[in-house]
Participant: 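Before I ask anything, here is the structure I am working with.
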Amino acid sequence: MPVVLFTLIFRVHHSVLDRQPQNMNRNFFITGAAQGIGLQLTRRALLGNGRVVMTDLAKEEGEKAMKELEKEFGTGKVCFIHLDVRDEEMWRAAWDEAEKFFGGQVEVLMNNAGLFSRTNWKLMLDVNLGGLATGTMLAMERMGVSRGGQGGLIFQTASLAGLVHGGFN
């Protein structure tokens, strides 16, 4: 299966998250997974029998969320890896660690890490564009059939919260 790329804009409603989960028996690598949409994506994957590597810059929050999810879903289903999506070497190390955790290939990348800043446009660009591009290119390198991988899925998420929190007033 080739690498498939999806771009999604999420407007999360609780009714969507409360639906019966689909079978997601895959190995997920989710960025920005310590809270918000990323944490909910992690929960959905676990409910659907997936295995998840949660990554985030917020190390304490990520480790806390992982421990809570382990209590609910058991050990060996989820792990947390500290990742600054702006750092390509951290991406590579995190991907290697994820493959060790899974005992195989990452099958789904969910590029969810993002932020909004009214004053630091460079940081916002580095995370929201640079981090997304770095993760996407690494996923294509590691999962791409043309490069020896088994194929996989790449999901890009964005939140309308970046627009509604007063950024364009």
Side-chain angles (χ1 to χ4, degrees), residues 3-19 24 27-47 50 52-70 72 78-99 101 106-144 152-169:
V3 173
V4 179
L5 179 65
F6 291 97
T7 301
L8 303 174
I9 296 180
F10 273 99
R11 187 172 183 186
V12 177
H13 295 282
H14 292 289
S15 62
V16 171
L17 297 175
D18 292 336
R19 290 185 192 153
M24 295 189 216
N27 296 332
F28 290 82
F29 186 109
I30 303 176
T31 67
Q35 57 192 344
I37 293 171
L39 183 56
Q40 292 306 316
L41 291 170
T42 298
R43 180 172 299 285
R44 293 296 293 176
L46 291 168
L47 283 167
V52 179
V53 168
M54 306 169 63
T55 68
D56 207 295
L57 184 61
K59 189 173 182 179
E60 288 180 22
E61 291 88 343
E63 289 171 348
K64 179 182 175 191
M66 180 200 70
K67 288 176 184 171
E68 290 173 7
L69 291 167
E70 278 184 329
E72 186 175 348
V78 61
C79 82
F80 174 78
I81 300 171
H82 180 246
L83 173 64
D84 182 340
V85 297
R86 300 171 294 171
D87 185 327
E88 185 175 354
E89 291 308 311
M90 283 186 83
W91 263 107
R92 291 187 177 282
W95 200 281
D96 290 341
E97 196 173 333
E99 288 182 339
F101 173 75
V106 173
E107 297 170 296
V108 180
L109 167 64
M110 298 186 103
N111 254 332
N112 176 68
L115 58 84
F116 176 79
S117 173
R118 292 181 122 188
T119 58
N120 193 343
W121 66 268
K122 176 107 172 73
L123 173 65
M124 193 168 64
L125 189 64
D126 288 347
V127 171
N128 297 351
L129 182 59
L132 179 133
T134 301
T136 299
M137 296 310 292
L138 180 61
M140 291 175 66
E141 175 186 317
R142 298 287 183 95
M143 295 190 304
L153 297 171
I154 302 171
F155 287 87
Q156 318 288 21
T157 62
S159 172
L160 292 176
L163 301 175
V164 298
H165 281 293
F168 294 98
N169 289 348

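All values below come from the heavy atoms of this structure, side chains included, with hydrogens, waters and symmetry mates left out.
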Participant: Glu61: what forms a side chain to side chain contact (heavy atoms under 4.5 Å, CB included) with it, not counting sequence neighbours?
Facilitator: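 For Glu61, the residues satisfying side chain to side chain contact (heavy atoms under 4.5 Å, CB included) (neighbours in sequence not counted) are Ala34, Ala58.
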Participant: Quick one: list whatever passes side-chain hydrogen bond (donor to acceptor under 3.5 Å, both in side chains) with Asp84, sequence neighbours left out.
Facilitator: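 With neighbours one apart ignored, the set is Arg86.
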Participant: With sequence neighbours left out, what residues match Glu63 under side chain to side chain contact (heavy atoms under 4.5 Å, CB included)?
Facilitator: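 Only Lys59, Phe80 meet the side chain to side chain contact (heavy atoms under 4.5 Å, CB included) criterion with Glu63.
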Participant: Would you confirm whether Asn112, through its side chain, and Gly32, through its main-chain N or O, come within 3.5 Å as a donor-acceptor pair?
Facilitator: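 At least one qualifying donor-acceptor pair exists.
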Participant: Looking only at heavy atoms, which two atoms of Leu109 and Ala139 are closest? And how far apart?
Facilitator: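 Scanning both residues completely, I find the closest heavy atoms to be CD2-CB, 3.7 Å.
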Participant: Taking all non-hydrogen atoms of both residues, which atom of Met140 and which atom of Ile154 are closest, and how far apart?
Facilitator: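 Between these two residues, the closest heavy atoms are CG-CD1, 3.9 Å.
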Participant: When rounded to the nearest 0.5 angstrom, what is the spacing between CG in Leu41 and CE in Met24?
Facilitator: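 One finds 8.5 Å between CG of Leu41 and CE of Met24.
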Participant: Val127 pairs by side chain to side chain contact (heavy atoms under 4.5 Å, CB included) with which of Leu57, Leu115, Asn120?
Facilitator: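 By the side chain to side chain contact (heavy atoms under 4.5 Å, CB included) criterion, Val127 pairs with just one of Leu57, Leu115, Asn120: Leu115.
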Participant: Do Phe29 and Leu83 have side chains that approach each other closer than 4.5 Å (heavy atoms only, starting at C-beta)?
Facilitator: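 A side-chain contact under 4.5 Å exists here.
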Participant: Would Trp91 and Thr55 count as a side chain to side chain contact (heavy atoms under 4.5 Å, CB included) if you check the C-alpha gap in whole Å, the side-chain angles of each, and the deciding distance to 0.1 Å?
Facilitator: CA-CA 10 Å; Trp91 263 107; Thr55 68; over 6 Å; no
Participant: Compare all side-chain heavy atoms of Glu97 with those of Val53 and state whether any distance is below 4.5 angstrom.
Facilitator: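 No. Closest side-chain heavy atoms not under 4.5 Å.
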Participant: Filter on salt bridge (Lys or Arg N to Asp or Glu O under 4.0 Å), then keep only pairs touching residues 120-130, sequence neighbours left out; what's left?
Facilitator: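 Salt bridge (Lys or Arg N to Asp or Glu O under 4.0 Å) check on residues 120-130 returns Lys122-Asp126.
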Participant: With a 4.5 Å cut-off on side-chain heavy atoms, are Leu132 and Val85 touching?
Facilitator: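 Heavy-atom side-chain distance check fails, nothing below 4.5 Å.
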Participant: When you measure from the side chain of Ser117 to the backbone of Met124, do you find a donor-acceptor pair of N or O atoms at a distance under 3.5 Å?
Facilitator: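 Not confirmed, Ser117 side chain does not pair with Met124 backbone.
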Participant: Just to verify, what does Glu141 make a salt bridge (charged side-chain N to carboxylate O under 4.0 Å, His left out) with, not counting sequence neighbours?
Facilitator: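 Residues passing salt bridge (charged side-chain N to carboxylate O under 4.0 Å, His left out) with Glu141: Arg92.
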Participant: Checking Glu99 now: which residues fulfil side-chain hydrogen bond (donor to acceptor under 3.5 Å, both in side chains) with it, not counting sequence neighbours?
Facilitator: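 side-chain hydrogen bond (donor to acceptor under 3.5 Å, both in side chains) check on Glu99 returns Trp95.
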Participant: I need the Thr42 OG1 to Gln40 CD distance, nearest 0.5 Å.
Facilitator: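 Output value for this atom pair is 9.0 Å.
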Participant: Decide yes or no for Leu39 and Met54: does some side-chain heavy atom of the first lie under 4.5 Å from some side-chain heavy atom of the second?
Facilitator: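 Heavy-atom side-chain distance check passes, below 4.5 Å.
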Participant: Under the side chain to side chain contact (heavy atoms under 4.5 Å, CB included) test, which residues partner Lys64, sequence neighbours left out?
Facilitator: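 Lys64 satisfies side chain to side chain contact (heavy atoms under 4.5 Å, CB included) with Glu68 only.
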Participant: Who passes side-chain hydrogen bond (donor to acceptor under 3.5 Å, both in side chains) against Asn111, sequence neighbours left out?
Facilitator: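 So Asn111 forms a side-chain hydrogen bond (donor to acceptor under 3.5 Å, both in side chains) with Thr136, Gln156.
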Participant: Minimum heavy-atom separation for Ile30 and Ala33, please, with both atom names.
Facilitator: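 Taking every non-hydrogen atom into account, O-CB, 3.6 Å.
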Participant: Working to the nearest 0.5 angstrom, can you tell me the gap between Leu46 CG and Glu70 CD?
Facilitator: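 The CD atom of Glu70 is 10.0 Å from CG of Leu46, to the nearest 0.5 Å.
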Participant: Report the residues that fulfil side-chain hydrogen bond (donor to acceptor under 3.5 Å, both in side chains) with Glu72, sequence neighbours left out, ordered by chain and then residue number.
Facilitator: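 If we apply the side-chain hydrogen bond (donor to acceptor under 3.5 Å, both in side chains) test to Glu72, skipping adjacent residues, the hits are Arg43.
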Participant: Report yes if the side chains of Arg142 and Asp96 come closer than 4.5 Å at any heavy-atom pair, otherwise no.
Facilitator: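 Arg142 reaches Asp96 side chain to side chain.
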Participant: Grab the two heavy atoms, one from Ala98 and one from Val106, that are nearest each other, plus how far apart they are.
Facilitator: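 The pair with the smallest heavy-atom distance is CB-CG2, 4.0 Å.
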